[in-house]
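Report on the structure given below.
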Protein chains: 2
Amino acid sequence: MATQTPVRAKGRPRSCLADAAIATAALELFADEGFERFSMEAVATRAGVSKATVYRRFCGRDELLAHAMTQLGADVPKMPELGDFWENLTQFLDGIRESAPGSLKSRIMIRVLGEGERHPQLQAMVTELVIRPRQARVRLILNSGIQSGRLRPDVDIEATIALLIGPMVWLKMLRLTPEAGAATTETIVEVLRAGLVPASHS
Amino acid sequence: MATQTPVRAKGRPRSCLADAAIATAALELFADEGFERFSMEAVATRAGVSKATVYRRFCGRDELLAHAMTQLGADVPKMPELGDFWENLTQFLDGIRESAPGSLKSRIMIRVLGEGERHPQLQAMVTELVIRPRQARVRLILNSGIQSGRLRPDVDIEATIALLIGPMVWLKMLRLTPEAGAATTETIVEVLRAGLVPASHS
DNA sequence: TAATTACGATACGTTAGCGTTTCGCATTAT
DNA sequence: ATAATGCGAAACGCTAACGTATCGTAATTA
């Protein structure tokens, strides 16, 4: 190997600012406008670069979209591991519920779900990058809860995962009517923890 | 009043077959193709009628779409009222989870949610017609459960609603990976009923 | 029968977005 | 300096869909 950068192109190097601008513009555009309005031209305009700059990097919209989606998997909510089991669970779920109800990732997820039947490989990619890691993380947390005796060992894991993630997704969608999504993550975990049957029946 | 039909047009009456064909075509098209591809022309083609026939009934795509959405609220899952409280609840939730995971209403709901920020009045309409009636129905069921003593009277109603509806929506979305949505409605209700804490801690 | 309206088919001009290409200038290696 | 590549700007032709209008035929009332 002759140089530190094995293959160093001769001409003017590509602007890494343009790289970043295109990547973020692609994600935001898809979240804001949806699959249909996602086009090379729209991405270029939003990124503040020329169309030629985009086409030099990606052959077409599918390639660009796929590249943008790979940036979604980065930040899986981390596992706290210290503190009470229930606190950890609540904290993790809050991480899924995430910032504003209309966060970038949330909006992208909804778009993908809507377009899923028409573009199964896009859906598969997002499933693999976003949904699966979070499912696995919940599974880990639940298993640790069982081992530490905080959780019923005979509980149905898959059903519990649905009971934990489902409401988060649902409440995220209920940005519709603000007062309807008033239920906090804490109260949800608390209800699920104690169950629905009266204490006298236990 | 002169006649039984107060205003009887003179010429050829409008075909009620065309009415129905347009209405169903509009719903299916929106579910299949999404908001962007929803157009007067596409609806006419799918309905098997000419564009003129559609334009004679609706001024534009917004009017047509709004009319189509009003047909969604019709069949709220009925309240069984006979049988065990938990059986009723399970049955009702199965009704929400609904037939095939890709039912017409499900797909429309996802589309609306995705396009919600861009078209808030469409979202508001569907919220009013589909979501709210089901929320209210769950509320009724839960209150009846409290009155009959099957349900903890101090339970947080809003959190419980999220815990019931959320997983149904979530599992509906998990048509992605068939094995992942294996959790049945029964097991979900069972877990929620008994709670997550070990019996020894209750 | 005459008048009136609905229907299917089709054609029209307009608009918007697409992917592509070209141009002059900027930036880098040799 | 020279060659090579990236960049923004702009123009290209193409396609698809839009809303509208026209036509002959069908159905209904007066």
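Naming: A, B, ... by sequence-line order, numbering from 1 per chain.
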(request) Using whole Å, report how far NZ of Lys10(B) lies from C1' of dA2(C). (result) 10 Å
(request) Kindly give the heavy-atom pair with the smallest separation between Lys105(A) and Val130(A), and that separation in Å. (result) CD-CG1, 4.2 Å
(message) Please tell me if Arg56(A) has a side-chain N or O lying less than 4.0 Å from either OP1 or OP2 of dC7(D).
(response) yes
(message) With a cut-off of less than 4.0 Å, is there a side-chain N or O of Arg12(A) near OP1 or OP2 of dA26(C)?
(response) no
(request) Report the residue (Cys59(A) or Ser15(B)) whose heavy-atom-nearest nucleotide on DNA chain C is the more 5′ of the two. (result) Ser15(B)
(request) Please state how far atom CD in Glu41(B) lies from atom C1' in dA9(C), giving the value in whole angstrom units. (result) 13 Å
(request) Decide yes or no for Phe58(B) and Ile22(B): does some side-chain heavy atom of the first lie under 4.5 Å from some side-chain heavy atom of the second? (result) yes
(message) Is Tyr55(B) close enough to dT20(D) that one of its side-chain N or O atoms is under 4.0 Å from OP1 or OP2 there?
(response) no
(request) Mind checking Arg57(A) for me? I need base, sugar-phosphate or nothing, with any heavy atom below 4.0 Å counting as a touch. (result) sugar-phosphate
(request) Can you tell me the distance, in whole Å, between the CZ atom of Arg14(A) and the C1' atom of dA4(D)? (result) 13 Å
(message) With heavy-atom distances below 4.5 Å as the criterion, would you say the side chains of Trp86(A) and Leu192(A) are in contact?
(response) no
(request) Identify whether the distance between the nearest side-chain nitrogen and carboxylate oxygen of Asp84(A) and Arg150(A) falls below 4.0 Å. (result) yes
(message) Distance check needed: dG17(C) C1' versus Leu29(A) CG, whole Å only.
(response) 13 Å
(request) Rounded off to whole Å, could you give me the CZ-to-P distance for the Phe58(B) and dA6(C) pair? (result) 14 Å
(message) To check you understand the geometry: which heavy-atom pair defines the closest contact between Ala31(B) and Leu104(B), and what is its length?
(response) CB-CD1, 3.7 Å
(request) For Leu17(B) and dG8(C), give me the distance from atom CG to atom C1', rounded to whole Å. (result) 15 Å
(request) Indicate whether OP1 or OP2 belonging to dA10(D) is found under 4.0 Å from a side-chain N or O atom of Ser50(A). (result) no
(request) Send over the distance from Glu33(B) CD to dA17(D) C1', rounded to a whole Å. (result) 14 Å
(request) For Arg37(A) and for Cys16(B), find the nucleotide of DNA chain C with the closest heavy atom, then tell me which residue's nucleotide is more 5'. (result) Cys16(B)
(request) Figure out the NZ/C1' separation between Lys51(A) and dG19(C), and round it to whole Å. (result) 7 Å
(message) Let's see if you can work this out: which of dC7(C), dG8(D), dT28(C) has an atom nearest to the side-chain heavy atoms of Pro13(A)?
(response) dT28(C)
